[in-house]
Amino acid sequence: MKKAWRKRMLLGASLLLAVGGLAGCTGGADGNKNAEGAAADGPTPISIWASLNTNVSITLKNMSEITAIKEWEKKTNIKTEFQHPAVGAETEQFNVMLASNKLPDVMFVYGDYSKLYTDGSIIKLNDLIDQYAPNLKKILDENPEMAKQLKADNGDIYAIPHLRLGKYKTFGGMFIRQDWLDELKLEQPETIAEWETVLKAFKEKKGVTAPLLYGAPPKLTTMGPAAANFLEAYGITNTIFLKDGKVVFGPVEPEFKEFLTTFHRWYQEGLIDPDFATNDQKTFDAKILSGQAGAFFTYIGGGIGRYLPALQEKEPEANLTAVQFPIVNKGDEPMFTGRSWEWSGAGATITKSNKHPEETVKALDYFFSEEGHMLKNFGVEGVTYTMKDGYPTYTDEILKNPDGLSVVQAMAKHFIANYPFVGEDDDRYNEQYYQYQQQKDAVTLFSKYSDNTLKVGLPPVSLTTEESSEYSKIMSDITTYRDEMFIKFVIGAEPLENFDKFTAQIGKFNLKRAIEIQQAAVDRYNAR
Amino acid sequence: MAFPVVLYFLVFKYLPMYGAVIAFKEYTVGKGIWGSEWVGLQHFRDFFQSYYFWRVLKNTLILSFYQLLFGFPAPILLALLLNELRHEMFKRTVQTVSYIPHFISLVVICGMVVDFSSRDGLFNSIITFFGGESSALLSEPGNFRTIYTASSIWQELGFSTIIYLAALSGINPELYDASMVDGASRLRRVWHITLPGIIPMIVILLILRIGGLMEIGFEKVILLYNPNVYDTADVISTFVYRKGISESAEFSYTTAVGLFQSLVNFILLIGANRLSKAVSDNKLF
């Protein structure tokens, strides 16, 4: 009798402990739910997973503190709780979060929405948008082309989108030391050959170690934008793209070898930064600011807005201007300009853990209303902008911040126009955001050929779960191999004669299947 | 009294192990661990046939082997040398200085190593001083293993010495006195008394080291490597990290790879223990 009792006690205790241990893992989520239940009358609590923009992180710890978010909460009767992954570890933390299945109410993601949906992490939004998002619905109804991008092949919508309307759709490109060009009496380079002349002049006459600085922060993919800009001069890009409507993988095309030959020569002649494979953001910045770099890829806003004043502080005569995307032959038009589609691919997804999908969609839809649009792009009237002849003009709080914040930082503190979020971009924002003449010129220059990109760029296709997992498996091998071999070819560790072996190996990774998958997806997209 | 201990291991060590079954499944988050479909040994086959299989296996083994070959004897040597020192102050200073790096966080250590190896860093200053040419040391595949092993030794040398010094202090001083009477030289005394005195300790630590042979310091490789040196630096655990959570999210595949790594570790551990039992009387279990 006594023994049996003891046994039961032990069993009970162990169960309690085990349950306690397990519950410990999900404690955070449970805590939320309880709070939600209690706050039935007050604002709806919504937890949001989003990466913290670096410009925000300078002044604030959490996006809930942004002026526009506070205003948004008031207008839509919600209470946000932002969860931010560590900077630089966004993908890792996102994957870990998915695997653990502990999801916030809303996730801001780039990516494989269909997969997230079939995996059961997020929910479909069609009905919710129809019922609770009148503003977004209106925009989609009026812009079928945009709706086509947003909808999956079967017509599902998985995200409340960040939309890019207006004319500014190219945000970065090559910048060059204009003061050196002037000093050496050189024209802005257009063709690859002209680039070579210019870089050589920088090397020989200015004695710099990195005439073409490159290695692309923040992830420093060596095949990143700077290399891609030169590769694209040859009419291909570093990944899949459309060639006459057919899906093609750039690195196995013969043009890739031509590009490698050029880059290898440039490396040998010291025209490329010798440390291109090991640069990080810190060394990258240092090379620009210490005048070791002649040309590099960066973004018009965050890049030039930062480099130009810092550089001129040290060297008052220094000047950075945008250069048109390189081409091979005079008269060619650049095809790849980094132009984004109307739907940038970013948006807010509602997870299956969300207890208040209606309220959430309603709240997010606010940003598509006239009032919400102004709040997102310009902040609070009277505080961050004033209407002058119908044009929202930023106040000194933004343009001449009393706390010494730069324009970008001040904007980031008050509203969320300058990085992916829900809502639409506003040109009037960019017109004032780009403060320097160099930036204003850059945006016109980079936008000049941006329509070409729509012909070669892959549309926002969607893959099925099986396709997506197969595709990512194949491509993750291929891109690793491509990046490594790219470095080897450039520095000469692998002779260019082995280019055929390189393409053969990529074939062995089953590139054919990957292309098939994408081709089918493109066909489905065209049939939408 | 054993109950809480058993429970601890059950809940925190054995229960999570069931997650490893996803190595044999096509895991998708929505279906959960049990709901996902079985695929048998598919992921293992994929890994063995992968282009990267031999490279990551080779790198893992070579890096571990270097660690063992150079890293393992280093503290023994230092302990023997320190043991011969008669100047107490000097001995203590050497000891303190040599184990300070152990207390510096790995992230900082790696940051220092990266800085030292950069084009205008410490190592290059030394190289150019002696007439060499400066280069980005960490971007050449040929340098990675040296830098990795040397920095590990530098970091752990002093601290690992402590355990041997403790063992040394247990040796009966009368043995030394007796041998001195017999006219044994210093070297002879080290060879015949000191070294045999710490052999059991050496063997046990060696077995433990071999068991963890494949568990090459994953954080350290991550902090030091770049795509340039994947050739010599990419090891199983970094491969798992990249494929599993950093670049793509192939949970099942990488679990299989991780499981494979543990299996090899297990075999090595048992093997080392057997071997040691056969050649000497020392064994772990």
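Every chain is numbered from 1 and lettered A, B, ... according to where its sequence line falls, protein lines coming before strand lines.
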- Message: Given heavy-atom pairs under 4.5 angstrom as the criterion, report whether the side chain, backbone, both or neither of A/T480 touches chain B.
- Response: both
- Item | A/Q93, part contacting chain B, at a heavy-atom distance under 4.5 Å | neither
- Is the B/F9 to B/Y14 ring centre distance short of 6.0 Å? no
- Looking at B/Y230, B/F251, B/Y241, B/Y52, which has the largest count of heavy-atom pairs under 4.5 Å with chain A? B/Y52
- Query: How about B/F159 and B/F103: are their ring centres within less than 6.0 Å of each other?
  - Reply: yes
- Query: Using non-hydrogen atoms only, which part of A/F509 is less than 4.5 Å away from chain B: side chain, backbone, both, or neither?
  - Reply: side chain
- Message: Parallel, tilted or perpendicular: which one describes the rings of A/F502 and A/F499, with boundaries at 30° and 60°?
- Response: tilted
- Message: Quick one: does any side-chain atom of B/K220 pair with a main-chain N or O of B/Y148 as donor and acceptor, under 3.5 Å?
- Response: yes
- Message: Quick check on the 6.0 Å ring-centre criterion: do A/F296 and A/Y214 meet it?
- Response: no
- Task: Output the residues of residues 35-48 of chain B for which the shortest heavy-atom distance to chain A is under 4.5 Å, in residue-number order; output 'none' if no such residue exists.
- Result: B/H43, B/D46
- Output yes when a side-chain donor or acceptor of B/Y27 lies under 3.5 Å from a complementary backbone atom of A/A99, and no otherwise. yes
- Check ring-ring contact (aromatic ring centres under 6.0 Å, His included) between B/F72 and all other residues, then give those that pass, not counting sequence neighbours. none
- Highest number of heavy-atom pairs under 4.5 Å with chain B among A/L98, A/I491, A/D275 belongs to A/D275
- Any donor-acceptor N/O pair, A/N354 side chain to A/P104 backbone, under 3.5 Å: no
- Message: Counting only non-hydrogen atoms closer than 4.5 Å, does A/K488 touch chain B with its backbone (N, CA, C, O), its side chain (CB onward), both, or neither?
- Response: side chain
- Can you tell which part of A/S121 gets under 4.5 Å to a heavy atom of chain B, answering side chain, backbone, both or neither? side chain
- Message: Does the Lys NZ or Arg CZ of A/K473 fall within the cation-pi geometry relative to B/Y253 - under 6.0 Å from the ring centre and within 45° of the axis?
- Response: yes
